[in-house]
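First comes the structure, then the notes that go with it.
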2 protein chains.
Amino acid sequence: MYQEIHEAPAAVERLREGGRRALQRLAARWRRDPPGLVVFVARGSSDNAALYGRYLWEVHLGVPVSLAAPSVVTLYGARPRLQGAWVVALSQSGRSPDVVTFVRAARARGAFTVAVTNQERSPLARAAHEVVQMHAGPERSVAATKTYVAQLTALSLLAAEIRGDRRLLRAHGDLPGQLRAALGVEEAAGDLAQRWARAEACVVTGRGYNYATAREAALKLKEAAYVAAEAFSSADFLHGPVALVGERFPVLVVAPPGPTKRHLVGVVRKLGRRGADVAVLSSDPVLLRRVPGSLRVPDGVPEELTPHVYAVPAQLLAYHLGLLRGTDPDRPRGLRKVTRVL
Amino acid sequence: MYQEIHEAPAAVERLREGGRRALQRLAARWRRDPPGLVVFVARGSSDNAALYGRYLWEVHLGVPVSLAAPSVVTLYGARPRLQGAWVVALSQSGRSPDVVTFVRAARARGAFTVAVTNQERSPLARAAHEVVQMHAGPERSVAATKTYVAQLTALSLLAAEIRGDRRLLRAHGDLPGQLRAALGVEEAAGDLAQRWARAEACVVTGRGYNYATAREAALKLKEAAYVAAEAFSSADFLHGPVALVGERFPVLVVAPPGPTKRHLVGVVRKLGRRGADVAVLSSDPVLLRRVPGSLRVPDGVPEELTPHVYAVPAQLLAYHLGLLRGTDPDRPRGLRKVTRVL
């Protein structure tokens with residue numbers, strides 16, 4: 001897990017080179033015949049990447065996006081009408097049976113299907129019309145890290161290609177360096193892990209593009225450190241779950257610069273009044289000063305690409321917390337690399 | 001909260017009578033001009049009702065469904081293309097500002113908009129083309145209970161009207177009696193609350209239609225009992241979060257008869273091998289025998305309507321756990337009846 005966290009910069013570089021042709025071909029197809037609906041289908045970490053894609057594509061491409069519930073197809077045998085839709089499946093291994101089944105059913109109902117996968121010869125790649133190879137290199141840790149960052153990158157690169165958005169395309173060139181800088185947060189992540197080493201539960205919250213970061217951070221904390229970490233969009237958090245937070249309850253707030261910041265500063269203040277044990281993941285100097293012991297992320301990343309960079313400190317926190325709590329982050333109990341659910 | 005849990009049977013009866021005309025008018029419109037996409041928009045408990053609607057409508061009506069991320073519109077100012085779509089907003093109070101803003105934006109982009117609300121004169125009711133009044137009566141508890149059941153009922157009645165599904169329409173007539181029978185689980189819910197009184201974290205899992213039940217149960221446990229209860233679709237649960245579960249970790253499995261049962265029996269077995277402290281919410285005699293101290297739900301409810309009935313024991317469990325843990329289930333800390341997030 002540790003090694004693969006450190007491979008994210010190289011994975012993004014390889015995807016930018018190796019994936020360009022497939023992404024440009026897809027973008028040309030989209031512009032010729034834009035879909036009326038996009039459906040992302042994924043499980044686990046890949047589903048968190050899909051959640052990012054949902055926000056990004058709705059905002060940047062103006063298309064309504066749905067995150068599939070595969071069991072509608074696999075358990076109930078439904079066949080939703082999908083003519084004119086794109087179905088984009090995300091799976092590192094390309095071998096999640098329910099994701100493959102969903103793609104086959106969607107293709108049969110008229111959808112154009114795309115597989116974003118690390119495995120070009122997988123059942124998922126064979127089931128879809130087009131394949132975007134992630135070029136992330138083999139992933140051996142059960143907890144996905146570099147492939148999550150690569151999935152985010154595939155989705156943001158494709159949106160940028162579709163819009164012909166030169167600013168966003170260029171910004172991808174800075175990502176490997178920013179990811180390397182984010183790896184420098186390791187000492188602070190270790191300190192925060194010390195502070196939270198005895199926590200049995202915690203909350204991670206964020207909003208907009210980084211709601212995905214909150215979810216992925218919570219998943220890594222569960223997988224690698226066995227902490228009951230739950231993620232909330234900070235809007236939903238105030239609609240009920242905030243009741244959970246009492247004195248010294250640990251809360252990680254993902255607060256990058258951008259339109260979500262004002263709301264999140266309010267959340268931090270509210271949590272502070274309740275005596276919660278808050279840390280922020282941010283590049284904002286005011287917020288970092290106000291909340292000591294937080295995780296400082298490199299500045300200058302456009303908000304759309306902050307989830308790629310903010311994932312790294314979250315992964316490092318989960319890894320160090322796992323070590324301190326005596327788990328083996330590489331081999332979480334009860335998990336295998338490919339989960340076979342239908 | 002206690003009183004309102006017990007008002008669910010009467011609320012469903014009133015909705016069947018008072019809501020019929022609006023639902024039939026909507027069904028006629030759907031049949032004349034079926035949408036290519038449905039978008040549900042809601043927050044909190046209403047969003048869990050929307051999750052149920054998503055499964056039910058995709059399976060029964062064959063329409064793709066998306067659960068809106070309101071901040072795409074409210075924070076990022078996006079305007080997804082929604083011609084030919086129905087946008088269905090769920091809000092007890094009709095006053096969640098972000099839900100109202102989303103409906104206005106969707107209407108401006110060509111969607112047909114429906115408000116399912118308890119408040120006919122609310123901003124949400126004024127913003128939408130059509131209103132389905134829930135007739136659930138005033139809700140004073142901060143934690144929604146009877147209105148959640150009423151929202152499920154509005155969504156299942158509308159699906160049945162659209163399909164002209166006489167079996168499902170008739171089955172709604174049995175709901176008040178089945179809800180009253182479910183209230184009889186109170187003693188068992190009190191016993192289970194005793195058993196879990198000291199838990200700081202737990203997991204609730206279910207699949208398909210009752211993934212919504214798992215989410216709503218977890219939300220009630222957080223709001224009313226301050227337990228860090230997290231819900232997972234049992235498929236996602238095995239893709240990572242199961243690592244969290246060690247010896248004596250409490251897990252509630254929502255396992256009604258139907259196509260999800262086989263998978264959930266496997267989950268119960270897997271959890272048992274890990275020494276988890278499992279209880280099931282089920283009417284299945286074999287499963288109830290295998291897992292002592294579980295919550296027995298009345299039998300004979302068609303799977304599509306089990307979420308309505310299964311919500312009640314979950315609400316009672318949260319209520320009793322709250323009492324035992326010394327919280328005030330009627331007034332969770334940090335919450336108000338209407339959450340003002342934009």
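Keep in mind that the numbers below use all heavy atoms, side chains included, and drop hydrogens, waters and symmetry copies.
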Value rounded to 0.5 Å, distance of CG in A:L244 from CG in B:L221:
10.5 Å
What distance do B:K222 atom NZ and A:F232 atom CZ have between them, rounded to the nearest 0.5 Å?
3.5 Å
Below 4.5 Å, heavy atoms only, C-beta onward: do B:P241 and A:E230 meet side chain to side chain?
no
Select, from B:G62, B:G266, B:P80, B:A228, the one with the greatest count of heavy-atom pairs under 4.5 Å involving chain A.
B:G62
Which bit of B:Y211 comes within less than 4.5 Å of chain A, counting heavy atoms only: side chain, backbone, both or neither?
neither
If you measure from CZ on A:R81 to CD on B:E58, what distance do you get to the nearest 0.5 Å?
10.5 Å
Interface moiety of B:L67 toward chain A, non-hydrogen atoms closer than 4.5 Å
backbone
With the side chain counted from C-beta on, respond yes when B:H263 and A:S71 share a heavy-atom pair under 4.5 Å apart, and no when they do not.
no
Exam field: side chain A:Y55 to backbone B:A69, donor-acceptor pair closer than 3.5 Å:
no
The side-chain contact (heavy atoms from CB on, under 4.5 Å) partners of B:N48 (sequence neighbours excluded) come to B:Y148, B:R215, B:E216, B:L219
Can you list the residues that meet the side-chain contact (heavy atoms from CB on, under 4.5 Å) rule with A:A224, with sequence neighbours excluded?
A:M1, A:A318, A:P329
Go through the atoms of B:E303 and report whether side chain, backbone, both or neither lie under 4.5 Å from a heavy atom of chain A.
side chain
Quick check for you: among B:V39, B:V245, B:V73, B:T260, which has the greatest number of heavy-atom pairs under 4.5 Å with chain A?
B:V245
Between B:V203 and chain A, with a heavy-atom cut-off of 4.5 Å, which part of the residue counts as in contact: side chain, backbone, both or neither?
neither
Give, as side chain, backbone, both or neither, the part of B:L61 having an atom under 4.5 angstrom from any heavy atom of chain A.
backbone
Between B:G36, B:G246, B:A201, B:A85, which residue shows the highest count of heavy-atom pairs closer than 4.5 Å to chain A?
B:G246
In terms of heavy-atom pairs under 4.5 Å with chain A, the winner among B:A68, B:S233, B:G258, B:G84 is B:A68
B:Y76 side chain vs A:L56 backbone, donor-acceptor pair below 3.5 Å:
no
Under a 4.5 Å cut-off applied to non-hydrogen side-chain atoms, are B:P64 and A:L82 in contact?
yes
For the candidates B:W57, B:Y209, B:F249, which exhibits the highest count of non-hydrogen atom pairs separated by less than 4.5 Å from chain A?
B:Y209
